[in-house]
2 protein chains.
Amino acid sequence: MGTGGLSLSRDDAAQPPAAADGVEPVFTITDLAREFAVTSRTLRFYEDEGLLHPLRRGTTRLYSRGDRARLAWILRGRAVGFSLADIRDLLDMYAPGKARRPQLEAALGKSRERISALMDQRAAIDATIAELEHFCRTIEQKL
Amino acid sequence: MGTGGLSLSRDDAAQPPAAADGVEPVFTITDLAREFAVTSRTLRFYEDEGLLHPLRRGTTRLYSRGDRARLAWILRGRAVGFSLADIRDLLDMYAPGKARRPQLEAALGKSRERISALMDQRAAIDATIAELEHFCRTIEQKL
DNA sequence: AGTCTGCTTGACGTGAACGTAAAGGTGAGG
DNA sequence: CCTCACCTTTACGTTCACGTCAAGCAGACT
């Protein structure tokens with residue numbers, strides 16, 4: 001009994017479950033919150049905003065590997081400055097394989113816009129890094 | 001009279017003044033707002049927050065070249081995700097040449113932290129670009 | 001003199017992204 | 001049975017970065 005059941009007792013759920021015997025690992029909200037250094041409030045908020053859709057056992061949320069990967073995507077999107085609405089749109093584009101042609105073309109256009117904006121942003125970052133490094137060298141010389 | 005005086009009539013002030021005869025060019029708030037595609041409200045807000053300190057003629061703000069360069073810096077900082085408080089701190093570091101040693105060392109530390117955070121951010125951007133490009137290629141194949 | 005345009009200072013409103021109680025359900029352990 | 005730790009929803013509060021009137025002054029054109 002100790003190893004197989006999806007017990008979700010505190011001892012089991014505290015660490016990301018090790019998936020004994022090929023069972024899909026399942027994460028609690030606090031598992032993911034700790035792993036990604038966000039609060040559980042944030043995860044519930046993302047669900048309200050349609051970014052995550054974990055399963056439920058009763059009222060308790062159960063996050064799959066897919067949810068975990070999705071969360072990683074969300075947080076990286078956030079890190080590059082996307083709004084949550086942006087992220088939801090991008091995730092929606094990724095997901096369904098809606099093979100209707102105009103949909104695909106729209107997705108292609110939006111993606112390319114994003115890419116070019118990100119390249120501009122990277123240029124701004126490079127310039128800022130360069131200036132800060134120059135500033136550092138100036139200080140180092142004064143010491 | 002037509003060419004030399006710093007008249008600031010509408011016709012003169014509408015375009016960034018051409019600085020006839022080595023006179024420092026001066027910009028009005030709408031000059032800079034238009035040039036950088038922000039609102040005048042934004043410029044006043046940045047002044048309230050201590051990011052800009054334009055001169056005054058009466059109550060009217062007069063922006064110098066230095067103010068213009070400073071604004072460019074602010075907006076690039078904003079573009080890379082800095083908060084206005086972050087930007088103010090960085091500008092304060094740059095400015096005075098306060099050659100007290102502990103100040104310099106603190107500035108050096110903060111700068112290096114910023115640099116490393118920016119490099120992380122750039123890595124996130126590169127990864128996102130790569131994924132979006134892959135996504136684009138996938139779509140293109142379906143067409 | 002009157003009007004127009006642009007600049008000024010408050011002061012309140014807004015959207016995004018959560019924070020922070022409040023109030024309650026649920027299962028494991030003593 | 002009771003407590004404890006963790007989960008839930010509901011709902012109001014907060015910070016940031018401005019937007020949006022409101023009311024008024026100041027110089028230029030008619």
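Order of the sequence lines fixes the chain letters, A, B, ..., with proteins taken first and strands second; residue numbering starts at 1 for each chain. Keep in mind that this is a model prediction, so the values were computed, not measured.
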Q.
Cation-pi check for B:F82 against B:R114: NZ or CZ below 6.0 Å from the six-membered ring centre and within 45 degrees of the axis, yes or no?
A. yes

Q | Rounded distance in Å - CZ (A:R34) to C1' (D:dA5) | A | 12 Å

Q) Just how far, in rounded Å, is P of D:dG27 from CG of B:L62? A) 13 Å

Q | Sidechain-backbone polar pair: B:R70 side chain, B:L51 backbone, donor-acceptor under 3.5 Å | A | yes

Q: Find the distance B:R44:CZ to C:dT9:P and express it as a whole number of Å.
A: 7 Å

(Q) So does B:V80 get a backbone contact from the side chain of B:Q121, meaning a donor-acceptor N/O pair under 3.5 Å? (A) yes

**Q.** Nearest-Å distance for atom pair CG/P, residues A:L32 and D:dC7
**A.** 11 Å

Q: State whether B:R57 places a side-chain N or O below 4.0 Å from either non-bridging phosphate oxygen (OP1 or OP2) of C:dT8.
A: no

Q: Indicate the ring-plane relationship of B:W73 and B:Y94, choosing parallel, tilted or perpendicular according to the 30° and 60° boundaries.
A: perpendicular

Q. Taking the side chain from B:R65 and the backbone from B:P25, do they hold a donor-acceptor pair closer than 3.5 Å?
A. no

Q) Base, backbone or nothing for each nucleotide of nucleotides 16-22 of chain C, written B, S, -, heavy atoms under 4.0 angstrom, 5' to 3'? A) -BBBB--

Q) B:L75 CG to D:dC18 P: how many Å, rounded? A) 9 Å

Q | Integer-rounded Å distance: D:dC18 C1' and B:I87 CD1 | A | 13 Å

Q: Write down the distance between CG (A:L55) and P (D:dT8), rounded to a whole number of angstrom.
A: 13 Å

Q) Any idea which of D:dT8, C:dG6, C:dT8 is nearest the A:R61 side chain? A) D:dT8

(Q) Looking at B:R78 and B:E49, is any side-chain nitrogen of the basic one under 4.0 Å from a carboxylate oxygen of the acidic one? (A) no

(Q) Check this one for me: any side-chain N or O of B:T28 less than 4.0 Å away from OP1 or OP2 of C:dC7? (A) yes

Q) With respect to the phosphate group of D:dC7, does any side-chain polar atom (N or O) of A:T30 fall under 4.0 Å of OP1 or OP2? A) yes

Q.
Without decimals, in angstroms, what is the distance between A:L43 CG and D:dT9 P?
A. 13 Å

Q. If you look only at pairs with a residue in residues 123-140 of chain B, which of them pass as a salt bridge (charged side-chain N to carboxylate O under 4.0 Å, His left out), with sequence neighbours excluded?
A. A:R76-B:E131, A:R112-B:E140, A:R122-B:D126

